[in-house]
Amino acid sequence: MVRAVRSGLSFRAVAYRFGVSVGTIACWVARAKGHRLDRVCFDNQKSGRSSNRTSDEVEKHILDLRKTLRDDSVLGEYGSDAIRLALQAQDPDIMPPSRATIHRVLARMGLLDGTRRTRRPPPPKGWYLPDVAAGRAELDTFDFIVDLKIANGPLVDILTGTSLHGSLADAWIMQSASAQGTLLALLARWRREGLPTYAQFDNDTLFQGAHQFPDSVGRVCRACLALHVIPVFAPPREPGFQNAIEGFNAIWQSKVWQRFHFVDLPSLEAVSAQYISAHRAKTVSRRETSPERKPFPENFALNLSAPLRGRMIFLRRTDDRGKVNLLGRSFQVTDLWLHRLVKCEVDFTKHRIRFYALRRRDPTTQTLLNQVPYHRPDRPFQGKEKVFSQR
């Protein structure tokens, strides 16, 4: 570049020829000014030593002290904080280098033992259900906000629901949470909006059924199966699976419950309905690209005592023996997948349970771990309402 400039070309022409800026050309020409090209140092590194860099003697003392602490310290601590405390103890009258300075010295010498955590991209929404993760199926998720106290009034429970892709939100105010009220709310939502492919819940008895009896399936699950909606139950005490509905719960409480003072139940219902309407208007664009919902069947009648058909999915984590608990029973999965997530697919039609391996790092690969026969006793439903219809 300098030779080209000295041959008579302009700075701009040389910059265009070599693909650099005019300032770069000017810098190199200034460095070579008055010198032969074979005697000019064109090294791009800064020459000399920074004026405020720690001296070699202090660096050597830090490194020696680190080795001494590593070999002889009772606590076995030899990091930046430990080295600084040791320097201060050796000579209290001299201010030791800061923790950051000691850390930089150790880093420059490659003496940091800690390893940085590998950050991996999160899995897609609904990653444990391949068709949901691919955007081909919609999932509705439901939860309860319990024991909210109206001033000088009763305690109320809020059933909330939202869709994973379309953000189709709902909130129902109940004086007392019940499985029958939950069922009526879900049927009203699905009749109005259409049916999703999946409906996800936590493991509350209102959704799943009684836990004290084996093979128990509650009325909410029976309604889902009758409508060909697959119930999905999140694993207990596992973060992430209920993020969609828990996030909406937090928003509803902050934007509705905590913003206003409610004197009675109708005022809470009115404000909540206004917020749900505004929330739906705000998120309408998401529903334009969300998976299509299935139409609600006409003249639908729910017989709660009818034999179960279809599938239920339980997300579980195996114990130290490779077993999982669901439907009030314990099932052996495999002793090669301990303390790991599994998807348990209960097929009432084919009378079997399939267990698939789940890994957040590789959500598309769900290996079949085991398959066991499952013949559920065909007992009549123990609730009061055996037939429910909505026209």
Side-chain angles (χ1 to χ4, degrees), residues 1-73 75-125 127 133-135 240 243 285-286 289 359-365:
M1 292 185 289
V2 176
R3 184 178 291 110
V5 171
R6 288 182 176 181
S7 67
L9 295 177
S10 66
F11 282 15
R12 189 174 300 278
V14 176
Y16 179 79
R17 176 181 174 184
F18 288 94
V20 296
S21 66
V22 175
T24 300
I25 302 298
C27 175
W28 292 121
V29 170
R31 181 177 294 188
K33 184 177 181 180
H35 301 282
R36 287 169 44 182
L37 293 183
D38 57 348
R39 295 181 180 180
V40 179
C41 178
F42 290 102
D43 189 0
N44 197 24
Q45 299 296 325
K46 291 183 179 180
S47 60
R49 180 187 181 98
S50 176
S51 60
N52 62 346
R53 177 174 168 177
T54 307
S55 64
D56 292 337
E57 293 77 9
V58 174
E59 286 191 0
K60 184 177 184 305
H61 188 41
I62 290 174
L63 300 179
D64 293 341
L65 189 54
R66 176 187 182 276
K67 183 178 184 304
T68 301
L69 290 174
R70 184 188 62 185
D71 297 339
D72 302 331
S73 172
L75 293 175
E77 297 176 354
Y78 50 93
S80 302
D81 292 327
I83 293 174
R84 191 173 191 276
L85 291 175
L87 289 171
Q88 194 170 12
Q90 287 180 351
D91 195 342
D93 297 331
I94 300 178
M95 178 64 69
S98 67
R99 179 186 182 277
T101 298
I102 297 173
H103 181 85
R104 283 194 294 268
V105 171
L106 299 179
R108 191 158 53 242
M109 298 302 173
L111 296 176
L112 295 179
D113 294 342
T115 57
R116 291 191 176 184
R117 178 182 175 185
T118 302
R119 295 287 183 177
R120 297 183 175 87
K125 295 188 296 184
W127 61 272
N243 276 355
S285 60
R286 292 185 56 177
T289 58
R359 299 176 74 240
R360 285 185 175 92
R361 190 182 303 179
D362 186 14
T364 58
T365 303

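These figures come from a predicted structure and were not determined experimentally. Residue indices begin at 1 and follow the sequence shown.
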Open item on the list: Please evaluate residues Leu106 and Leu63 with respect to the criterion side-chain contact (heavy atoms from CB on, under 4.5 Å), reporting the C-alpha separation (whole Å), side-chain torsions for both, the decisive distance (0.1 Å), and the verdict.
Closed with: CA-CA 8 Å; Leu106 299 179; Leu63 300 179; 4.1 Å; yes

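- Closest of all the heavy-atom pairs between Ala32 and Arg6 is O-NH2, 2.7 Å.
- Heavy-atom contacts from other residues, nucleotides or ligands closer than 6.0 Å to NZ of Lys67 number 12 or fewer.
- Taken to the nearest 0.5 Å, the CE atom of Met109 stands 9.5 Å off from the CD1 atom of Ile62.
- At least one donor-acceptor pair closer than 3.5 Å links the side chain of Thr289 to the backbone N or O of Arg286.
- Formation of a donor-acceptor pair under 3.5 Å by the Arg84 side chain with backbone atoms of Pro97 is found in this model.
- Between Thr24 and Val22 there is no side-chain heavy-atom pair separated by less than 4.5 Å.
- A pairwise comparison of heavy atoms in Leu65 and Gln90 identifies CD1-NE2, 3.6 Å as the closest pair.
- Contact annotation: the side chain of Val29 approaches that of Phe11 to within less than 4.5 Å [non-hydrogen atoms, C-beta and beyond].
- Using a 4.5 Å heavy-atom threshold, the side chains of Leu87 and His61 count as touching.
- Contact between Glu59 and Thr54 at its shortest, heavy atoms only, is OE2-O, 3.7 Å.
- With respect to the salt-bridge test (charged N to carboxylate O, under 4.0 angstrom), the residues Lys60 and Asp56 do not qualify.
- Closest non-hydrogen pair, Leu69 versus Glu77, comes out as CB-O, 3.8 Å.
- More than 12 heavy atoms of other shown residues, nucleotides or ligands fall within 6.0 angstrom of atom CZ in Arg108.
- For the atom pair CZ (Arg66) and OG (Ser80), the distance works out to 9.5 Å, reported to the nearest 0.5 Å.
- At most 12 heavy atoms of other shown residues, nucleotides or ligands fall within 6.0 angstrom of atom OH in Tyr16.
- Residue Arg31 comes nearest to His35 through the heavy atom pair O-CD2, 4.1 Å, listed as atom of the first residue, atom of the second, then distance.
- Ile83 and Tyr78 get closest at one heavy-atom pair: CD1-O, 3.7 Å.
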